Structure formats: C-alpha cells, structure tokens
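We name chains A, B, ... by the order of the sequence lines, and we start the count at 1 in each one. Note that the structure is a prediction, hence the values are computed from the model and not measured.
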Protein chains: 2
Amino acid sequence: MSIDDGAVEVRAQGWRTLAALHGMIESELERSLTALRLSVVEYTVLDALSRQDGWHMRMQQLARATALSPSATTRLVTRLEDRGLLTRILCADDRRGIYTELTAAGRELYLEARPVHDETLERVLAEAEDRPELAVLARALHGIPVAAVQ
Amino acid sequence: MSIDDGAVEVRAQGWRTLAALHGMIESELERSLTALRLSVVEYTVLDALSRQDGWHMRMQQLARATALSPSATTRLVTRLEDRGLLTRILCADDRRGIYTELTAAGRELYLEARPVHDETLERVLAEAEDRPELAVLARALHGIPVAAVQ
DNA sequence: GGCAAGTCTTTGCGTGTGCAACTATTGCGT
DNA sequence: ACGCAATAGTTGCACACGCAAAGACTTGCC
C-alpha cells in the first residue's frame, strides 16, 4: 500500500514478540503465586498499594494500574476485601470516590509474595534471554529507567 | 535480601512497563477489530495461518502462537470454523493431530482485517512513544529483527 | 498380538472479564 | 434552588479462559 510496508512488518513482529514474552512471564508468575492463592492482577494490586507507602488509592487508579475495566476492578477489590487483605474507605471530600487501603494482613501477604514474584521474574527473564526470538526484548527490560504507571 | 536489590527493582519496573504497554496495545487492537467481529486472538490465528502460506498448522502450534491453553485453542478454532473461516483437517500420517487451514472466506477476512490491525498498531506505538514511561520500550519494538514464535 | 506409557485433542466445571445499563454524587449554568 | 451533564462505582449478562479428567491414537516393549 505505502512505501514502508517493511517498517509495518517490523512493528508487527515486535508486537508478536512482546505478546509472546508477556504471555510467558504472566503464566509463570501465575503458577508461582498459586501457592499463596494470589493471581497476577491480585499481586499487582497489593504491589501498587504498598508502593503508595500506606496511602490510599482510588478505584480508577487501580483500574489503570492493572489495565482492567471498572467492573473487573470492583470485583477484584471485593475479592481481596472478602479475604481481609484490604479495606474500602469512603473518602469524605468526594463521596463518589472510594479509596482502598491495605490491611495488616494484606501487607503481610505482600511481603511474603514479593520474593516469590521477583525470583520467578528473574528466572523467566533469564530463560527468555536464551531464546533468540525473545532475547533482544528481554534484555531491553533490564535497563529501562521508567516510573511505574501512576 | 541480596546485594542486587536494585537490579530486581529495575526488572520489576520493566515488567510493569511491559504489562502496561501490552495492555494498551491489546485493548486498542481489540476495539479496532470489533467492527469485523474479530478478537485479537482470533486475528492472531488468521495471521499465523496465512503466514504459513496456505499450509496447515497443528492445534498445538496454534496454542503456542496464541499463548493459549489447549482447551481454549479447541474452542477458538471451533468458533472460527463455525463462521466458515477455517477448516479442520485430520491428517493421515498422525491421526492424533488435527490440522487447520484457512478457507477462502478466512483469507478474505484476513486481508480486510490486516490493514486495520496494522494501522492501529502504528498509531498506538506512536502514542506510546509520547508517554515517557513507555517510550523506551515502545521504541525498542521498532528495531527487533526476530522471527515469529513458531 | 497385546498391554503400558505417552501425546494430541476435546469436554465439564468453576471463575474472571468486558460491555451496557443503573445508582449515587458532584459541578455548572440559569 | 433547580435541573442537567459529567464522573465514580456497582450490577446483570454473556462469554472466553484454565484446570483436570476423559477420549482417541501412537509408540515401545514384552
């Protein structure tokens, strides 16, 4: 169609590689966290909340941090609340908004899960570097000096 | 715990970035393909099959290409078969295996979907390059000279 | 030939997800 | 003060997914 059909194909390949690496990491993390009865998104919530240094987080922020829809976020928070890992707090200044906060049990489980998560991530990335199709992207992850998705 | 806690944190940030970019690309692709009644995985199947130049593909290969479980692959193929986009072929040399092949309608829909897919991908990557947290990774996708996941 | 072990695919079941519709609350214009 | 649009979060519904068990077929070994 246009001149840079080749560039488009390069991007499509890059996207396939990204998707493959993402799927590989996610499924490994998923399996390593089942022992603690946590899914990857659930860990992401705990991680995001603890990263806020005891601060609250709105549902919408959580939805962006987990790349989930509002409805999925509602039920995710409900699940974790039912397990006593976090609490909903209706904040006074805007009564539409709802803040979530880790409980002591939530912080405890996070501290337990984090080394499992990190070791698995390290192992999977090492594996990925051995696969020629994934190596470049996997290595690119090491040197990325970015802030987390707010 | 160990000396390179910093390195671990760098990898964790890289993983969060990867997940964020992946989610962003996937949801945009999903929305752009709904007009053709295709999900991203369904497009991936069409793409993988057409990339085989009219050749067959085993269920298991399809499962790896889509990062899906065997059961999900079965139902995915069934969906596409019911729509007449591909056919199951029991191959003679190993009657455990089942090959799938695009029909004429499947190739037609793929040719229709591909430009939509590619243009969306290009647009999203351009957007990602403007976000400082995603820019490095998004740019890394341009120059990756890898083969597709077989 | 026949039985055991292994591989490829399919089905049953429970669960998480997105979309659309709904409720509650805020902010703005009149 | 009132209504009206916009925003935050929740619920109904249909659907796609993973896991575990079962079915179909192959391979190896006796």
Sequence neighbours excluded, which residues qualify as ring-ring contact (aromatic ring centres under 6.0 Å, His included) partners of Y99(B)?
H56(B)
Do the side chain of E42(A) and the main chain of S39(A) share a donor and acceptor less than 3.5 angstrom apart?
yes
From OG1 (T100(B)) to CD (E81(B)), nearest 0.5 Å
9.5 Å
Atom CG of D82(A) and atom P of dG16(C) are separated, to the nearest Å, by 11 Å
I'd like the 5' and 3' limits of the part of DNA chain D contacted by chain A, with heavy-atom contacts below 4.0 Å.
dT7(D) to dC13(D)
Grab the CG-C1' distance between L76(A) and dG16(C) for me, whole Å please.
10 Å
Roughly how far, to the nearest 0.5 Å, is the CG atom of L109(B) from the OH atom of Y43(B)?
10.0 Å
For V41(A) and R95(A), take the nucleotide of DNA chain C holding the closest heavy atom to each; which residue's nucleotide lies nearer the 5' end?
V41(A)
Tell me the interatomic distance from E26(B), atom CD, to dT17(C), atom P, rounded to whole angstroms.
13 Å
Taking atom CZ of R95(B) as the centre, report whether more than 12 heavy atoms of other residues, nucleotides or ligands fall under 6.0 Å from it.
no
Tell me: CG of L68(A) to C1' of dT15(C), nearest whole Å?
14 Å
Rounded to whole Å, the CZ-P distance (R37(B) to dC19(C)) equals 16 Å
Atom CZ of R131(A): over 12 foreign heavy atoms under 6.0 Å
no
Per-nucleotide protein contact string for nucleotides 7-12 of chain C (B base, S sugar-phosphate only, - none; heavy atom under 4.0 Å):
BSSBBB
Any C91(B) side-chain heavy atom under 4.5 Å of I98(B) side chain
no
Spacing of L29(B) atom CG and H117(B) atom NE2 [to the nearest 0.5 Å]:
4.5 Å
